[in-house]
Each structure stands twice: as C-alpha cells, then as structure tokens.
Amino acid sequence: MSAEPRRVFVSGYDTRLGAAVRAHFAGQGAVTDGTTADVDHADRDAVRAAVASAVDTMGGIDTLVVAHGLPHVAPIGDESMRDFWRHVDDTLTGSFLYAQAVAEHMRDAGTGGRMVLTTSRWHVGGQSLAAVATAAGGIVALTKTLTRDFGAYGIGVNAVAIGAIDSEWSVCDAAAGVSCEAPPLGRCGTVEQAARVIGLLCRPELGAAVGQIVNVDGGLSRNRV
C-alpha cells in the first residue's frame, strides 16, 4: 500500500468534521466516497449497500473514517429513552456497522487498511451528556476490540476524541460548562486541524500505532484511555 491512502470512505461527509476530513484527503490526491444523513447509519443493510457502492466506484477502500456522529444534549431528568437510544444507535452502532462492512472488503481484497473512528472527548462523562458519554465510551471500547478482531487482516484501528473544536460538538463543551478559553491553548481548535490528525493516523506506515484514543481537544483532557 502507498504511504498516502488512495481510496477513502468517510461516513457523514455532510458534518463539519466529515467535510473537513474529505477535503483533507482530496487535497492529498485521494479518491473519496461516503455517506450523508440520507443514510440510516444504524441500519445494517443501508450501511453495507453504501460501502459496496463505494467499493464499486473507487475500486476498493484503503481507509475508513467514521465521522457521521452528531451530539445529543439533554438534562438527565428530561432525557427520553427514544432520544437516548437514537443517539447511541446512530453513533455507536453505526461505527460498528461501518467498520464491519469495510473490514470485510479489506480482508477479502487482502490489502489491509486503516480505520479512524471519531467520538466525543466527553466519554469521560459530563452534565446533560448521558447519551453522548454512553455512545462515546462504547466507541472507546470498540476501538480497542476492533484492533484485536481486525489485526490479523492487516487493519489498524484508532479513534480521535473531539473536544474544544469549533464544530457541531461544541454544544457538549458548553453543556459541561467548558469554554474555548479553558484548554491550555486558550482557544478553540478547528475541524481542519482535527482532520490533519485523522489523516496522520490513517497512514499505513504507522504500523503498530493502533488501538489508541487520541484526544484532539487543545490539551483539555488529562485522562488516559
């Protein structure tokens, strides 16, 4: 495989992060495809159909970036189970389904590849963020597990935990009472900066750098995962 991913699938390229990721790879000369909110990310058949279509269009997939997740903020007393599970299914179940479908193509093609899941840095928990923390914590665990499931096929999996980034996820920081001035940098980062970190993690020469959760939050997090 070449040093730069050539065929990149981005779930949710209609989100601010997904659009930045797609633009980053396109700027590196990669062919990109993916999905938008028109696809039910928690529907196995819909996800597999979208991935199969991308394989036909691009001739395969070298890299998967899961970026379709959107935040859900609700005071714990007002949280409905319907909204709670909708968020968890969309973000956590969706991440699993995309990874599963893409891994099958990478395995069958014998090419290996790289995957980066994206999640919220609020996997550590935060006020009014029960659904976000549940889904994000699941994605952290999923990243560790997929690394072991897919490693034999030459597929490396990492995750990027977003916080203090100017994106749709900023509402989570606000709900938890964290401003952009809080991180050591004293300002919000950008989705373009996050996309460059994701691009780095997708480089195949990183080899054994897998199963890691990389916080992109201006130094806000001090946890180890």
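Each residue takes its place number in the sequence, starting with 1.
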Side chains of [X] and [Y] in contact at under 4.5 Å (non-hydrogen atoms):
{"X": "Val65", "Y": "Thr63", "value": "yes"}
{"X": "Leu97", "Y": "His41", "value": "no"}
{"X": "Asn215", "Y": "His123", "value": "yes"}
{"X": "Val8", "Y": "Val31", "value": "no"}
{"X": "His105", "Y": "Ile61", "value": "no"}
{"X": "Phe25", "Y": "Cys202", "value": "yes"}

Donor-acceptor pair, distance only, cut-off 3.5 Å: does the side chain of [X] make one with the backbone of [Y]?
{"X": "Asp166", "Y": "Cys188", "value": "no"}
{"X": "Thr143", "Y": "Gly211", "value": "no"}
{"X": "Ser53", "Y": "Ala49", "value": "no"}
{"X": "Thr118", "Y": "Val160", "value": "no"}
{"X": "Arg6", "Y": "Asp62", "value": "no"}
{"X": "Asn158", "Y": "Ala209", "value": "yes"}
{"X": "Arg148", "Y": "Lys144", "value": "yes"}

Spatial distance of atom [atom1] ([X]) from atom [atom2] ([Y]) [nearest 0.5 Å]:
{"X": "Thr147", "Y": "Gln212", "atom1": "OG1", "atom2": "CD", "answer": "8.0 Å"}
{"X": "Thr91", "Y": "Leu117", "atom1": "OG1", "atom2": "CG", "answer": "11.0 Å"}
{"X": "Leu64", "Y": "Ser11", "atom1": "CG", "atom2": "OG", "answer": "6.5 Å"}
{"X": "Thr145", "Y": "Ile139", "atom1": "OG1", "atom2": "CD1", "answer": "12.5 Å"}
{"X": "Asp40", "Y": "Asp90", "atom1": "CG", "atom2": "CG", "answer": "7.5 Å"}
{"X": "Trp122", "Y": "Asp217", "atom1": "CH2", "atom2": "CG", "answer": "9.0 Å"}

Any idea which heavy atoms bring [X] and [Y] closest together, and the distance?
{"X": "Thr32", "Y": "Ala26", "value": "CG2-N, 4.3 Å"}
{"X": "Asp173", "Y": "Arg121", "value": "OD1-CD, 4.4 Å"}
{"X": "Glu79", "Y": "Phe84", "value": "OE2-N, 3.5 Å"}
{"X": "Ser170", "Y": "Ile165", "value": "OG-O, 2.9 Å"}
{"X": "Ala42", "Y": "Thr93", "value": "O-CG2, 4.4 Å"}
{"X": "Ala133", "Y": "Gly125", "value": "CB-CA, 3.9 Å"}

Indicate if [X] and [Y] have the same hydrophobic cluster label, given that clusters are the connected sets of ILVMFWY residues with side-chain heavy-atom separations under 4.5 angstrom.
{"X": "Leu92", "Y": "Met81", "answer": "yes"}
{"X": "Val10", "Y": "Leu70", "answer": "no"}
{"X": "Ile155", "Y": "Val210", "answer": "no"}

Without hydrogens or angle criteria, can the side chains of Tyr98 and Thr35 be said to hold a donor-acceptor pair below 3.5 Å?
-> yes
Residues Arg16 and Ser167: side-chain donor-acceptor under 3.5 angstrom |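 Ser167 and Arg16 do not have a side-chain donor-acceptor pair below 3.5 Å.
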Assess whether side-chain contact (heavy atoms from CB on, under 4.5 Å) is satisfied between Asp83 and His72, documenting all intermediate values.
-> CA-CA 8 Å; Asp83 291 341; His72 171 67; 3.6 Å; yes
With Glu104, which residues qualify under side chain to side chain donor-acceptor pair (under 3.5 Å), at least two apart?
->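 Arg48.
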Derivation of the side-chain contact (heavy atoms from CB on, under 4.5 Å) call for Ile198 and His24 = CA-CA 9 Å; Ile198 290 169; His24 170 79; over 6 Å; no
Let me see the working for Leu206 and Arg114 under side-chain contact (heavy atoms from CB on, under 4.5 Å), right down to the final yes or no.
-> CA-CA 10 Å; Leu206 265 63; Arg114 303 286 290 193; 3.6 Å; yes
Check the pair Val66 / Met115 against side-chain contact (heavy atoms from CB on, under 4.5 Å), numbers first and verdict last.
-> CA-CA 8 Å; Val66 176; Met115 297 182 181; over 6 Å; no
Please indicate whether Tyr153 has more than 12 foreign heavy atoms, meaning atoms of other residues, nucleotides or ligands, lying under 6.0 Å from its OH.
-> no
